[in-house]
> 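Encoded as structure tokens, here's the structure I'll be asking about.
Heavy-atom basis, side chains included; hydrogens, waters and symmetry copies ignored. Since the structure is predicted, the reported quantities are computational estimates derived from the model, not experimental observations.
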Amino acid sequence: MRSKKIKIFKTKKILNINGNLSKLISKKSLYYDKFGELYLTNIKYKSIKGWKYHKKMISNIFLISGKVKFVIVEKKNNKINFLEYILNSKNKNHILIPNKTYFAFTSLSKTESTLINFASIVHDKKESLSFNLNEFNYKWT
């Protein structure tokens with residue numbers, strides 16, 4: 001993995017008069033580590049998925065439709081800070097979430113939001129941890 005920080009990347013758009021192409025990821029991408037699996041996930045308006053923590057998995061999450069807020073838990077010196085990142089399908093960007101990161105997300109769209117996770121490993125229940133939303137004192141409203 002070339003980067004250990006959470007980052008938002010702009011998706012490369014290739015213009016074509018017959019329809020544009022959005023290049024999501026390639027082996028040459030700065031945010032590419034390795035490939036494990038690719039899956040879609042949907043999230044309904046105001047629903048929350050998380051908290052998740054992956055020991056090994058690196059996630060490149062691409063928003064296909066809707067608007068989603070990601071909340072990252074940053075622990076430093078026994079203090080917790082929350083970092084917020086918003087993906088909007090109009091902006092054609094995606095988020096890189098490194099392993100060993102606590103995160104959750106919610107849909108801000110009135111219609112269901114759809115995301116793709118380009119994961120560095122195949123999902124393994126032993127590799128990931130799930131936490132109750134009350135685990136961290138974040139105000140979702």
> Checking the side chain of Asn77 only, and the main-chain atoms of Lys79 only, is there a donor and an acceptor separated by less than 3.5 Å?
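Side chain of Asn77 to backbone of Lys79, a donor-acceptor pair under 3.5 Å: no, none is there.
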
> Heavy-atom distance under 4.5 Å between the side chains of Glu112 and Ile43, does that happen here?
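They are not in contact (no side-chain heavy atoms under 4.5 Å apart), so the answer is no.
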
> Should Trp140 and Lys46 be marked as a side-chain contact (heavy atoms from CB on, under 4.5 Å) after you check the CA-CA gap, both sets of side-chain angles, and the distance that decides it?
CA-CA 9 Å; Trp140 288 96; Lys46 292 189 179 181; over 6 Å; no

> May I ask you to decide if Lys28's main-chain N or O and Ser26's side chain share a donor-acceptor pair within less than 3.5 Å?
yes

> Could you report the tightest heavy-atom contact between Lys69 and Tyr138, atom names first, then the distance?
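Taking Lys69 first and Tyr138 second, the nearest heavy atoms are NZ-OH, 3.0 Å.
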
> Within the structure provided, determine whether Thr106 and Phe70 are in side-chain contact (heavy-atom separation under 4.5 Å).
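Thr106 vs Phe70: side chains apart.
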
> Can Ile64 be reached from Phe118 by stepping across I, L, V, M, F, W or Y side chains whose heavy atoms are under 4.5 Å apart?
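Looking at the clustering, Ile64 is in the same group as Phe118.
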
> Check the pair Asn117 / Leu40 against side-chain contact (heavy atoms from CB on, under 4.5 Å), numbers first and verdict last.
CA-CA 6 Å; Asn117 185 6; Leu40 284 171; over 6 Å; no

> Less than 4.5 Å apart, any side-chain heavy atom of Phe9 and any of Leu96?
yes

> Taking all non-hydrogen atoms of both residues into account, name the closest pair between Ile58 and Pro98 and its distance.
CG2-CA, 4.4 Å

> Got Leu21 and Lys13 here, is their nearest side-chain heavy-atom distance under 4.5 Å?
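No, side chains not in contact.
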
> Would you check if Ile116 and Leu38 make a side-chain contact, meaning some heavy-atom pair closer than 4.5 Å?
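Ile116 reaches Leu38 side chain to side chain.
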
> Is it possible for you to say whether Val68 and Ile97 belong to one hydrophobic cluster, with membership spreading through side-chain heavy-atom contacts below 4.5 Å?
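Val68 clusters together with Ile97.
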
> If you compare all heavy atoms of Thr41 against all heavy atoms of Lys49, which two are closest, and at what distance to 0.1 Å?
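Looking at all heavy atoms of both residues, the closest pair is OG1-NZ, 2.7 Å.
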
> For Asn20 versus Leu15, what's the shortest heavy-atom pair and its separation?
OD1-CA, 3.3 Å

> For a side-chain contact (heavy atoms from CB on, under 4.5 Å) with Ser113, tell me which candidate from Ser47, Ser107, Ser89 qualifies.
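Considering Ser47, Ser107, Ser89, a side-chain contact (heavy atoms from CB on, under 4.5 Å) with Ser113 is found only for Ser107.
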
> Hey, any chance Tyr53 and Ile80 share a hydrophobic cluster, counting ILVMFWY side chains that come within less than 4.5 Å of each other, even indirectly?
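In one cluster with Tyr53: Ile80, yes.
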
> Can you name the nearest heavy-atom pair linking Lys34 to Ile121, along with the distance?
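Of all heavy-atom pairs spanning Lys34 and Ile121, the closest is CE-CG2, 4.2 Å.
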
> Would you mind writing out the side-chain donor-acceptor pairs for residues 126-136 within the sub-3.5 Å range, not counting sequence neighbours?
from   : atom 1 : to     : atom 2 : distance (Å)
Glu127 : OE1    : His54  : ND1    : 2.9
Glu127 : OE2    : Lys55  : N      : 2.9
Glu127 : OE2    : Lys56  : N      : 2.7
Glu127 : OE2    : Met57  : N      : 2.8
Ser130 : OG     : Lys52  : NZ     : 3.0
Asn132 : OD1    : Asn134 : N      : 2.8
Asn132 : OD1    : Asn134 : ND2    : 3.4

> Around Asn16, counting heavy atoms of other residues, nucleotides and ligands shown, do more than 12 lie under 6.0 Å from its CG?
yes

> For Ile25 and Phe62, which heavy atoms make the closest approach, and how far apart are they?
CB-CZ, 4.1 Å

> Could you state whether Leu108 and Ile95 fall into the same hydrophobic cluster, counting links through intermediate Ile, Leu, Val, Met, Phe, Trp or Tyr residues with side-chain heavy atoms under 4.5 angstrom apart?
no

> Kindly indicate, with the supporting measurements, whether the criterion side-chain contact (heavy atoms from CB on, under 4.5 Å) is fulfilled by Val71 and Phe105.
CA-CA 6 Å; Val71 180; Phe105 56 97; over 6 Å; no

> With the 4.5 Å side-chain cut-off for hydrophobic clustering, are Phe82 and Tyr85 part of the same group?
no

